[in-house]
There are 2 protein chains.
Amino acid sequence: MKMPANSSGSTLTSANPVEVGEKNRLINPELWQACAGPLVNLPAAGTHVVYFPQGHSEQVAASMKKDVDAQIPSYPNLQSKLFCILHKITLHADTETDEVYAQMTLQPVPSFDREALLRSDLLMKAHKPQTEFFCKTLTASDTSTHGGFSVPRRAAEKIFPPLDFNMQPPAQELVARDLHDNVWTFRHIYRGQPKRHLLTTGWSLFVSGKRLFAGDSVFLIYNLYYRDEKQQLLLGIRRANRQPANLSSSVLSSDSMHIGVLAAAAHAAANNSTFTGFNNQGKNDHIFILQRPSEFVIPLAKYYKAVCSNQISLGMRFRMLFETEESGTRRYMGTITGISDLDGVRWKNSQWRNLQVGWDEATAGERRNRVSIWELSPFDNIFKRTMPWLGEDMSMKDPGGLSLAQWMNMQQNPSMANQIQPGYLNSLAGSVLQNYGGPQMLTQNNLQFNSLNSQRSTSQLDQLQKLPQPATTSPLAMMMQPQQITDLTQQTVRQN
Amino acid sequence: MKMPANSSGSTLTSANPVEVGEKNRLINPELWQACAGPLVNLPAAGTHVVYFPQGHSEQVAASMKKDVDAQIPSYPNLQSKLFCILHKITLHADTETDEVYAQMTLQPVPSFDREALLRSDLLMKAHKPQTEFFCKTLTASDTSTHGGFSVPRRAAEKIFPPLDFNMQPPAQELVARDLHDNVWTFRHIYRGQPKRHLLTTGWSLFVSGKRLFAGDSVFLIYNLYYRDEKQQLLLGIRRANRQPANLSSSVLSSDSMHIGVLAAAAHAAANNSTFTGFNNQGKNDHIFILQRPSEFVIPLAKYYKAVCSNQISLGMRFRMLFETEESGTRRYMGTITGISDLDGVRWKNSQWRNLQVGWDEATAGERRNRVSIWELSPFDNIFKRTMPWLGEDMSMKDPGGLSLAQWMNMQQNPSMANQIQPGYLNSLAGSVLQNYGGPQMLTQNNLQFNSLNSQRSTSQLDQLQKLPQPATTSPLAMMMQPQQITDLTQQTVRQN
DNA sequence: GTGTCGGCTTTTCGCCGACAA
DNA sequence: TTGTCGGCGAAAAGCCGACAC
């Protein structure tokens with residue numbers, strides 16, 4: 001598959017993580033993550049995900065600044081959610097705007113087994129970027145031509161190489177790389193009264209080259225994993241008004257884009273029934289490719305835990321994570337005020353943003369009034385009682401709890417411990433969602449019992465969980481390397 | 001229908017040509033045409049066209065820099081060409097790049113009658129822009145920050161208001177508008193030794209604002225039809241490497257775009273059979289919208305004349321128009337070396353670029369080796385014998401010849417004179433194209449006999465042909481105003 | 001700790017005719 | 001007829017500490 005010409009790409013699909021084409025540069029995953037923000041949690045290649053075409057359709061409509069209207073044909077055989085294997089995930093950044101996005105290659109699957117769930121959970125975990133990282137929102141002085149960039153003290157001390165304070169004034173040359181591997185050179189000087197860190201020569205070229213304005217943000221990252229000291233500094237940007245890619249309307253009409261999204265998914269789902277191997281005589285019509293999938297492609301384990309654990313009811317209290325101005329996270333509290341289809345005609349009984357919510361704080365106007373169940377952090381502790389290994393933020397940070405594998409083994413019902421039963425997720429969901437279910441969901445999702453794995457223990461997966469990670473490899477890059485997934489029945493797990 | 005947010009739009013769909021929304025400014029058709037180049041000939045709203053989804057698919061592939069590959073499902077019911085009514089055509093220009101494109105709203109039709117053909121022919125004619133118009137390719141000096149713009153003498157004298165040569169030096173302020181109605185102000189001065197016309201103050205803002213480089217072109221137009229003298233100057237650009245809109249790959253995957261193109265057309269064609277009126281309970285699923293359609297949407301009359309007139313055979317000599325550097329046209333001569341499907345699997349027996357050609361001149365490397373029949377100007381005169389009203393360039397410039405209507409009336413066979421018979425075009429095509437036809441084309445095109453118009457004479461259309469055009473209205477804008485098309489059977493032709 | 005400003009130097013911009021192609 | 005250049009004055013960029021919040 002060729003890469004789109006106007007983006008840098010980081011392909012993380014083979015055992016060898018460095019796959020370099022001419023224009024196909026490897027994007028640094030930490031920098032990508034910093035620019036994407038802390039709420040974006042990408043699933044790992046080789047794991048299972050849940051894809052919501054409704055969300056995809058919404059995204060297309062938003063980026064075309066157009067409502068979804070009646071021209072779009074209905075795809076009656078297209079479910080509101082598709083369980084898929086994520087074959088490949090690549091990171092990208094628009095060459096014009098530096099906007100970051102991912103590309104995923106998905107294959108719909110009629111069923112998944114217990115190990116798929118465990119694998120998804122396992123590779124979703126160790127996710128916090130451990131890189132030194134700093135974010136600053138640019139001021140008017142930073143972006144004017146009158147001067148340079150005022151570096152926050154903590155950022156300079158944590159990220160930059162130490163200055164030689166014997167110099168008068170102390171100064172050095174810094175070299176930083178952006179997402180496209182472009183090199184930017186700056187003069188870093190410590191001067192003024194009171195003393196402060198500044199970037200002077202070179203800074204204005206960066207501002208004009210990236211077309212930055214006051215209010216936009218820059219990310220400074222100290223990249224632990226580069227051997228070459230000169231290449232340890234990374235530099236990313238994020239624009240103030242994160243325009244949802246309003247570009248591109250000139251190639252295809254909005255309706256055609258909509259139809260393309262839905263037809264591609266429906267086609268892949270339909271052809272999956274005849275799928276026998278990854279290379280089906282060169283015709284890969286059981287797969288489809290998504291751009292910018294981060295909102296509507298959910299790691300299977302995240303979805304699973306949300307549906308199984310969150311007992312949704314009217315009036316339920318919950319918390320939800322939002323991003324702060326400093327690129328951190330903050331919880332806001334709210335109450336579920338309704339459960340209803342966002343689009344009762346096209347997407348009946350869809351879980352996509354079917355929860356209507358109210359927010360506690362007065363500034364709630366900025367926050368959405370419809371959310372999906374996997375976005376919630378539950379407020380009560382029903383769910384900690386049933387799934388004790390989970391922390392409140394569902395990041396499984398509680399080391400004293402049980403692992404998902406242990407918990408599943410603990411269950412009395414052996415079939416539940418060893419595989420997902422047909423309709424299991426749906427019956428769970430149906431029991432807790434008032435407005436959920438009906439026979440349509442059960443038949444559409446068509447979860448099939450896969451007996452191939454029912455005899456095996458989880459010991460090998462437990463070993464995988466304990467594998468030491470090489471210190472010279474980025475944990476995030478590590479996470480995104482696919483395991484051997486094409487033949488799960490052989491339980492081959494490679495260790496690089 | 002909302003307009004894409006990143007483009008200015010000129011809507012030419014109502015009897016009143018000025019339809020102004022907030023961001024929906026009217027694009028000047030002469031300026032648009034100058035920027036598009038002399039080879040682009042748009043059909044008029046309300047006329048019939050032939051749409052080649054294969055060409056559309058090619059365009060999408062090219063703009064994504066990707067080959068058409070096997071992921072795309074086949075749409076067995078989608079013909080290689082669709083006869084359509086062009087309901088609406090709007091002119092656009094990308095706000096970022098100023099690249100011009102059109103948007104068309106099409107409705108597939110199972111049949112068309114004789115008047116549709118005549119109307120298409122009629123509104124295709126008076127097309128030569130009669131506006132004063134000049135094009136210059138920018139030099140290094142023009143685009144450097146060291147100086148201004150050197151105006152070619154003829155351009156200054158023909159396009160600019162006359163200078164007061166009593167001044168020392170003669171100078172004035174010029175105000176020009178671009179495609180987006182942005183105003184640019186320049187100082188025009190006549191100085192130097194030898195004397196020459198220059199644009200100085202204001203020019204560099206234009207160069208940097210439009211991001212122009214040496215090799216790009218500017219178009220200066222004196223707009224006859226603006227009353228306000230200050231607004232008579234129009235200013236367009238065209239970039240040297242006309243990138244085929246390589247943008248936009250970040251919203252949708254290439255495959256989804258492809259599928260969207262084909263599925264939208266197939267859906268509209270299928271739903272057309274149930275179509276009863278223009279507003280079908282608010283569901284317009286018998287129409288579809290194309291972006292950038294100029295290459296693969298052909299005016300019906302142009303297609304018709306090419307298929308009926310050009311006797312294609314191996315070794316046939318022909319000429320074909322190409323654009324020159326100065327935005328004029330030039331004919332190149334060539335020979336037909338083969339007739340074969342460009343894509344024999346997906347698009348069997350398609351007329352889209354099914355002619356393989358060789359070029360006489362050594363510089364032929366730049367020219368395509370596959371063309372479609374409607375791109376040819378025939379070299380021999382077989383075709384002038386059969387259709388004497390046509391000039392060699394098929395522009396019907398020969399006033400001494402017969403009009404299409406007269407010629408049709410002249411024919412012995414009255415049914416041929418008054419309407420297009422079922423399968424008529426195909427049987428004609430089949431008789432001249434070696435590799436053409438088979439029962440598939442005949443049934444797919446499904447040309448139906450429309451008897452409603454068979455009793456009427458052509459006198460009213462002949463009158464329309466002779467209507468004087470108001471001097472204050474642009475002929476091109478005139479051409480693009482739709483006639484009353486929704487009920488052809490009433491033969492209502494309005495005169496504004 | 002850091003955002004903005006006045007003062008001042010350095011660099012670039014941009015108008016001019018000379019000259020040549 | 002018009003593309004490029006050196007000269008030169010004007011304007012903008014850009015480095016500095018002062019000062020304030």
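Owing to the predicted nature of the structure, the values given are computational and were not obtained by experimental measurement. What's counted below: heavy atoms across the whole structure, side chains too, no hydrogens, waters or symmetry copies. Letters go in sequence order (proteins before strands), and every chain restarts at 1.
Within the 4.0 Å cut-off from OP1 or OP2 of dT4(C), at least one side-chain nitrogen or oxygen of T139(A) is found. Taking only side-chain nitrogens and oxygens, R196(A) never comes nearer than 4.0 Å to OP1 or OP2 of dT2(C).
Judged by distance alone with a 3.5 Å cut-off, no donor-acceptor contact links the side chain of R187(B) to the base of dG14(C). Side chain H146(A) to base dG6(C): a donor-acceptor pair is found below 3.5 Å.
The listed nucleotides are dC15(C), dT4(C), dC16(C); the one nearest the side chain of T201(B) is dC15(C). Checking dC13(C), dA20(C), dT4(C) against every side-chain atom of A140(A), the shortest atom distance belongs to dT4(C).
The distance between atom CG of L199(B) and atom P of dG14(C), rounded to the nearest whole Å, is 14 Å. Remark: C1' of dC16(C) and CG of L198(B) are 10 Å apart, rounded to the nearest angstrom.
In this structure, S141(A) reaches the bases: a heavy-atom distance under 4.0 Å links it to at least one base atom across the strands shown. Among the heavy atoms of the strands lying under 4.0 Å from S204(B) are primed sugar atoms or P, OP1, OP2 only; no base atom is included. As judged by a 4.0 angstrom heavy-atom cut-off over every strand, K136(B) is placed among residues touching the sugar-phosphate backbone only.
When ring centroids are compared, Y190(B) and F165(B) come within the 6.0 Å threshold.
Each of D142(A) and L205(B) lies near DNA chain C, and the nucleotide nearest D142(A) is the one positioned closer to the 5' end. If G202(B) and P194(B) are placed on DNA chain C by their nearest nucleotide, the residue sitting closer to the 5' end is G202(B). Of the two residues near DNA chain D, R191(A) and T145(A), the one whose nearest nucleotide lies more 5' is T145(A).
Between K136(B) and E325(B) no salt bridge is recorded (no basic side-chain N to carboxylate O distance below 4.0 Å). Salt bridge E323(B)/R367(B): absent, no basic N to carboxylate O contact under 4.0 Å.
The nearest pair of heavy atoms linking R187(B) to A171(B) is NH2-CB, 3.9 Å. Nearest approach of K210(A) to D98(A), heavy atoms of both residues: NZ-OD2, 2.9 Å. D142(A) approaches S150(A) most closely through the heavy-atom pair OD1-N, 3.1 Å.
Under the 3.5 Å distance criterion, the side-chain polar atoms of R239(A) are matched with a main-chain donor or acceptor of R211(A).
Taking the 5' to 3' direction, DNA chain D first and last meets chain B under 4.0 angstrom from a heavy atom at dT1(D) to dG7(D).
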